[in-house]
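Written out below as structure tokens is the structure these notes cover.
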Amino acid sequence: MSTPVRTRFAPSPTGYMHIGGMRTALFNWLWARHNGGTFVLRIDDTDQQRNLDEAVAPILHAFRWLGLHWDEGPDVGGDYGPYFQSQRGDRYQAALEKLMAAGKAYKDFDSPEVVKADREAAEKEKRNYLNIRRSLDLSPQEIADLEEANTSYVIRFLVDRTRKVAIQDSVRGDVEWDCALISDPVIMRSNGSPLYNFASVVDDIDMQITHVIRAEEHLANTSVQALIFEALSGSTPQFAHIPFVAAPGTTKKLSKRDVGKYRNNPQFRKLFALGDTAFPILGNEVSESLNPVMVSYYEQLGFLPEAILNSLARLGWSLDDVTENMSLDFIVEHFTLDRVVKASAGFDPDRLLAFQEHWMESVDTAARVEQCLPYLIKAGWISSSPTDDERAFTGRLITALGERLKVFSDILNYDEYFVADDQLVYDEKAYAKRVEKSVETTIPLLQGYRDVLAAEEDFTASALEAALNQYVESRGAGLGDIIHALRLATTGKPAGPGMFDCLELLGKERCLARIDRMIAHATS
RNA sequence: GGCCCCAUCGUCUAGUCGGCCUAGGACAUCGGAUUUUCAGUCCGAGAACAGGGGUUCGAAUCCCCUUGGGGUCACCA
């Protein structure tokens, strides 16, 4: 019987969840679930302590939103805690002592300035930099003296420069490094705090992590970690370096730092556009603090977790040559590391939108209403405790919208159904083209149909359509001669749900009021 | 620059260890049909094995080189 699979995701508390990080987390989660194993969430906060809760909460929130539950970690605890590196100082200390005792780590008294000078000198001579182990030549007495004088030092892991180190990566295969080229890594800062390369290894050993699945950008420092794993536990976990997520249309790593650039990225444009229209209405700010690199961006715009998950899972992984739409359960069942692709994968907003449309199809009207209501409330278009009428109307609107509603915040594109009749704004271009240009013929037609509407007892889409057809025929006109103006008069926009659905939705009174207003506006 | 990784349509990918590939699918794009508009739906089209050497009866698939792209070189994670 093989050991149970234990994977982990160890984010540093940055205050937001990166979409690429979420993909890495997802792969770890999937592998654990696929094997009936355990998924651990650990917070790598060796470097920052301030506002920890504030920085961790959004990350936990993203996991919860997507339904990726962690078996051990913050809030849920577990047998291998604590799950914050900042609380695991004693473990690092113990590991450190073990290494020191074995002669595999040493105190380095060289100041940062000296080290920097060494590095620059090597660079100048175009020589590969290797740290100079001056402190290794110190006698016990000299060391004692330095410590007596409170000389600060860091602790470095002693790399055996005579050997090579290799790993068998689940996605990369065999990767080998020559230790003669590896500097002794600092594992403990002069202030006593451990560094990532060290803390992470100690934790992975303590927490009995069996598979370290992480982004390719970590491959380079895996040599050092493998060495430390060996020194501390005699073995290494199974590594799997998955390709990083690249920015749309590029081969470069998707980074929060470049959001400014992404605005001009043609593939990213649709995503930004979504936020640009919705957030101002909601009173949110579109900025550095909320952008498409972050998971919360999608949540706030009303994407479906299923769509995000499906999209992320297909970035660097595929099941076969035809299966695209997959539920989380389905992916769990079929996810394997050997089907992870090696090349970096560009994040594709169009693809995400396509998945979103697919998964939206399976959301029924009642559920859509529940998800749309908060947007309408926040926009101030309906009351904060929606009345039955408001709910019913929203339901009818959503039904009429059909597949036009792609993300829930799309409901905010339909202010015309919530605005007062005399506040309706006409789309300028459409108005010029459909009304202004043909006032003499259009307005009389509109006037006539207005009276037809007024007399209509059965104010339903089908009846209204029949009535309009009959009307235009009687006037010797075509449908196209009036329908655009009619749409503009009643909704202010050139496009939307079916014309007669719109009329039925608004009801007789509002239709008449709006048509009258248009006639007055056009003939004044 | 050193080390390491990668390389199939615009994008995500299939290609499982050489032949079923005149390279499949999806997204995107462009046509056509349907529709009162938009969206949608249906049908269709264009679109790729980076280059060069090998190995082999036969290579997108194996080997080498070149080129290109990327990652990483911290008292960050």
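Chain identifiers are assigned alphabetically (A, B, ...) following the order of the sequence lines, protein sequences preceding nucleic acid strands; residue numbering begins at 1 within each chain.
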For [X], which contact category applies under a 4.0 Å heavy-atom criterion: base, sugar-phosphate, or nothing?
X: G316(A); answer: sugar-phosphate
X: E123(A); answer: nothing
X: K126(A); answer: nothing
X: G496(A); answer: base
X: R487(A); answer: base
X: K253(A); answer: sugar-phosphate
X: N325(A); answer: nothing
X: S318(A); answer: sugar-phosphate
X: Y129(A); answer: nothing

Assuming nearest nucleotide by heavy-atom distance, tell me which of V171(A) and H484(A) is located more 5' along RNA chain B.
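The residue whose closest nucleotide sits nearer the 5' end is V171(A).
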RNA chain B: 5'-proximal contact among L181(A) and P243(A) (nearest heavy atom):
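Here L181(A) is the residue nearer the 5' end.
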Gap in Å between the two P atoms, one belonging to U8(B) and one to U16(B), rounded
16 Å
For the side chain of [X] and the base of [N], is some donor closer than 3.5 Å to an acceptor across the two?
X: S344(A); N: C6(B); value: no
X: E217(A); N: G70(B); value: no
X: R172(A); N: C4(B); value: no

Considering Watson-Crick and G-U wobble pairs with both distances under 3.5 Å, what does [N] pair with?
N: G2(B); result: U72(B)
N: A59(B); result: none
N: A26(B); result: U11(B)
N: A33(B); result: U41(B)

Check residues 105-112 of chain A and write down every donor-acceptor pair under 3.5 Å in which the side-chain atom is one partner and the other belongs to a residue at least two apart or another chain.
{"from": "Y106(A)", "atom 1": "OH", "to": "N131(A)", "atom 2": "ND2", "distance (Å)": "3.1"}
{"from": "Y106(A)", "atom 1": "OH", "to": "D184(A)", "atom 2": "OD2", "distance (Å)": "2.6"}
{"from": "K107(A)", "atom 1": "NZ", "to": "E147(A)", "atom 2": "OE2", "distance (Å)": "2.3"}
{"from": "D108(A)", "atom 1": "OD1", "to": "D110(A)", "atom 2": "N", "distance (Å)": "2.9"}
{"from": "D108(A)", "atom 1": "OD1", "to": "S135(A)", "atom 2": "OG", "distance (Å)": "3.2"}
{"from": "D108(A)", "atom 1": "OD2", "to": "R156(A)", "atom 2": "NE", "distance (Å)": "2.6"}
{"from": "D110(A)", "atom 1": "OD2", "to": "R134(A)", "atom 2": "NH1", "distance (Å)": "2.8"}
{"from": "S111(A)", "atom 1": "OG", "to": "E113(A)", "atom 2": "OE1", "distance (Å)": "3.2"}
{"from": "S111(A)", "atom 1": "OG", "to": "V114(A)", "atom 2": "N", "distance (Å)": "3.3"}

If you measure from the Lys or Arg side-chain nitrogens to the Asp or Glu carboxylate oxygens, is any gap between [X] and [Y] under 4.0 Å?
X: D206(A); Y: R88(A); answer: yes
X: K429(A); Y: D427(A); answer: no
X: E416(A); Y: R514(A); answer: no

Kindly determine whether D410(A) and R368(A) satisfy salt bridge (charged side-chain N to carboxylate O under 4.0 Å, His left out), including the steps that lead there.
CA-CA 11 Å; D410(A) 278 343; R368(A) 292 186 194 203; over 6 Å; no
If I take atom CD in residue Q356(A) and atom C1' in nucleotide A39(B), what distance separates them, rounded to the nearest angstrom?
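Rounding to the nearest Å, CD of Q356(A) and C1' of A39(B) are 15 Å apart.
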Using whole Å, report how far NZ of K256(A) lies from C1' of C76(B).
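In whole Å, C76(B) C1' lies 15 Å from K256(A) NZ.
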E473(A), CD atom: more than 12 neighbouring heavy atoms under 6.0 Å:
no
Taking OP1 and OP2 of G1(B), is either one under 4.0 Å from a side-chain nitrogen or oxygen of R119(A)?
no
So, OP1 or OP2 of U13(B): does either fall under 4.0 Å of a side-chain N or O from R339(A)?
no
Are H218(A) and the base of A77(B) stacked, counting only ring centres nearer than 5.5 Å and planes tilted under 30°?
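Stacked: ring centres under 5.5 Å, planes under 30°.
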